[in-house]
There are 2 protein chains.
Amino acid sequence: MFSIGQLSKQTGVKVPTIRYYEQVGLLVSAGRTEGNQRRYDKEGLERLGFIRHARDLGFSIEAISALIDLQQHPDRSCQEATEIAQDQLADVREKLRRLTALETELVRISEGCDGDGSSNDCYVLTSLADHRHCRTEHYC
Amino acid sequence: MFSIGQLSKQTGVKVPTIRYYEQVGLLVSAGRTEGNQRRYDKEGLERLGFIRHARDLGFSIEAISALIDLQQHPDRSCQEATEIAQDQLADVREKLRRLTALETELVRISEGCDGDGSSNDCYVLTSLADHRHCRTEHYC
DNA sequence: CCTTGAAGCTCTAGTGACTAGAGGTTGTAG
DNA sequence: CTACAACCTCTAGTCACTAGAGCTTCAAGG
């Protein structure tokens, strides 16, 4: 049996975050000692490891909830799990596309200016003032 | 002179967002009509355009505040503006690095599973349960 | 001049995924 | 048995908005 602090050390998830996961229903309410402190077993550890890994991969709490539901109903097809993963992949690719466009603009803006001179003709500032200089469509 | 709605249409920034920018000090408080409605001139329009563009490029409200300060003190060197832009670029590149690693993992996870079979041997779920399968370091 | 309704106003609360802090209680090593 | 690290709950703060309630004003048509 682990205390919340030991669980935290083993998974790298901060103590308040573990309590937060319980609060929002991602983790089943842990058993308690007589003095009301949480105690976890191996299953709790694995569950938190799963959550941690999924969060690292950018899955939302909602998506992780859905994945955990699937784990607990092994009779259901894994098609849903695959769909969730592919949605997440599409999401990541969209973000990559946008960030790449941003990178292009920021390089253009940063390089136009050598840092000398006064700010009333600073290329950074004039570029930001006028979108028409941009060579890519970008938005976040 | 523009109403807040006209300003919104011209810049693509939503009306409540414009009011929010005023509240947090990004936009100078607008002049008002006798009936207390905001009225903007060309300067207000340009300022909001600047903010919009900078937000699109992912600059934080705080960074934009600093950039606006620089605009209003043309005597100060534009080195600071360049620094802010380069910080933002470094930020974007770091995000790109992470997202690329995530993409690799998600492709691996999604492709391992054909969507058939029951979820107790679903590759998506077992991959999420065990980080050791991963081929890249990833975290967000 | 009067009515109507779109657009404006302020204020509060909610979003996601935590994080920080106050103020009190429990577990455990020495 | 004592000291104190670790635990507990609860509230509020973060960022950049967004939504909604309940009210007022502006402008066009009759």
Side-chain angles (χ1 to χ4, degrees), chain A residues 1-27 29-40 44 48 50-68 84 87-88 91-92 95 98 102 139-140, chain B residues 1-27 29-40 44 48 50-68 84 87-88 91-92 95 98 102 139-140:
Chain A
M1 301 288 271
F2 316 108
S3 69
I4 197 168
Q6 290 168 329
L7 200 66
S8 170
K9 248 174 220 152
Q10 291 196 56
T11 57
V13 178
K14 287 180 191 160
V15 168
T17 305
I18 298 174
R19 287 197 278 249
Y20 168 75
Y21 287 159
E22 183 181 315
Q23 193 194 314
V24 299
L26 257 198
L27 283 173
S29 294
R32 302 283 181 127
T33 63
E34 279 192 5
N36 200 35
Q37 299 196 355
R38 290 169 180 83
R39 286 297 176 268
Y40 298 89
L48 186 55
F50 179 93
I51 294 168
R52 164 92 218 260
H53 191 201
R55 285 292 303 133
D56 280 354
L57 287 164
F59 289 84
S60 69
I61 298 267
E62 203 188 337
I64 298 172
S65 265
L67 290 168
I68 287 174
I84 293 170
D87 282 357
Q88 178 59 18
D91 224 69
V92 165
K95 280 185 190 147
R98 290 183 188 186
L102 294 191
Y139 56 98
C140 290
Chain B
M1 300 289 270
F2 316 108
S3 69
I4 196 168
Q6 291 168 328
L7 200 66
S8 170
K9 248 175 221 152
Q10 291 194 57
T11 57
V13 179
K14 288 180 190 161
V15 168
T17 305
I18 298 174
R19 288 197 277 249
Y20 167 75
Y21 286 159
E22 183 181 314
Q23 192 194 315
V24 299
L26 258 198
L27 282 173
S29 295
R32 302 283 180 128
T33 63
E34 278 193 6
N36 200 35
Q37 298 196 356
R38 290 171 181 83
R39 287 296 176 269
Y40 299 89
L48 185 56
F50 179 92
I51 294 169
R52 164 93 218 260
H53 191 200
R55 284 293 302 134
D56 280 353
L57 287 165
F59 288 84
S60 69
I61 299 267
E62 202 188 338
I64 297 172
S65 264
L67 290 169
I68 287 174
I84 292 171
D87 282 356
Q88 177 60 19
D91 224 69
V92 164
K95 280 185 190 149
R98 290 184 189 187
L102 293 192
Y139 57 96
C140 290

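Numbers restart at 1 for each chain; the letters A, B, ... are given by sequence-line order, proteins then strands. Not measured: the values here are computed from a predicted model.
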Under-3.5 Å N/O pairs linking protein and nucleotides 1-3 of chain C:
none

Expected rows: protein N/O vs nucleotides 16-19 of chain C N/O, under 3.5 Å:
{"residue": "C/dC18", "atom": "OP2", "partner": "A/Y21", "partner atom": "OH", "Å": "2.8"}
{"residue": "C/dC18", "atom": "OP2", "partner": "A/R55", "partner atom": "NE", "Å": "2.8"}
{"residue": "C/dT19", "atom": "OP2", "partner": "A/T17", "partner atom": "OG1", "Å": "2.9"}

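In this structure, A/I4 places its CD1 atom 17 Å from P of C/dT26, rounding to the nearest Å. Computed from coordinates, the B/F2 CZ to C/dA7 C1' distance equals 17 Å when rounded to whole Å. Distance A/R32 CZ to C/dT25 P: 16 Å, rounded to the nearest Å. Taking atom CE of A/M1 as the reference point, atom P of C/dG27 lies 13 Å away to the nearest angstrom.
With A/Q37 contributing its side chain and A/S3 its backbone, the two residues share no donor-acceptor pair below 3.5 Å.
Among the candidates A/E34, A/R38, A/R32, the single residue satisfying the side-chain hydrogen bond (donor to acceptor under 3.5 Å, both in side chains) test with A/N36 is A/R32.
Residues B/V15 and B/G5 approach most closely at CG2-CA, 4.1 Å, considering heavy atoms.
Side-chain contact between A/I68 and A/I64 is present, with at least one heavy-atom pair separated by less than 4.5 Å. When side chains are defined from C-beta on, B/L26 does not count as touching B/Y20, because their heavy atoms never get closer than 4.5 Å. Counting heavy atoms from C-beta on, the side chains of A/D91 and A/K95 come closer than 4.5 Å. Side chains of A/Y40 and A/L48 form no contact here, defined as non-hydrogen atoms less than 4.5 Å apart. The shortest side-chain heavy-atom distance between B/Q88 and B/I84 does not fall under the 4.5 Å cut-off.
Across the interface with DNA chain D, nearest-nucleotide mapping of A/K9 and B/Q37 shows A/K9 to be the residue nearer the 5′ end. For the pair B/G35 and A/Q23, both in contact range of DNA chain D, the more 5′-proximal nearest nucleotide belongs to A/Q23.
Taken from CZ in B/F2 to NZ in B/K9, the straight-line distance is 13.0 Å, to the nearest 0.5 Å. The CD atom of A/Q6 lies 11.5 Å from the OG1 atom of A/T11; values are rounded to the nearest 0.5 Å. With rounding to the nearest 0.5 Å, the separation of CG in B/L57 from CZ in B/R52 is 10.5 Å.
Nucleotides of DNA chain D lying under 4.0 Å from heavy atoms of chain A occupy a range whose first and last members, 5' to 3', are D/dC7 to D/dT9.
Residue B/R19 has a polar side-chain atom (N or O) positioned under 4.0 Å from OP1 or OP2 of C/dC9.
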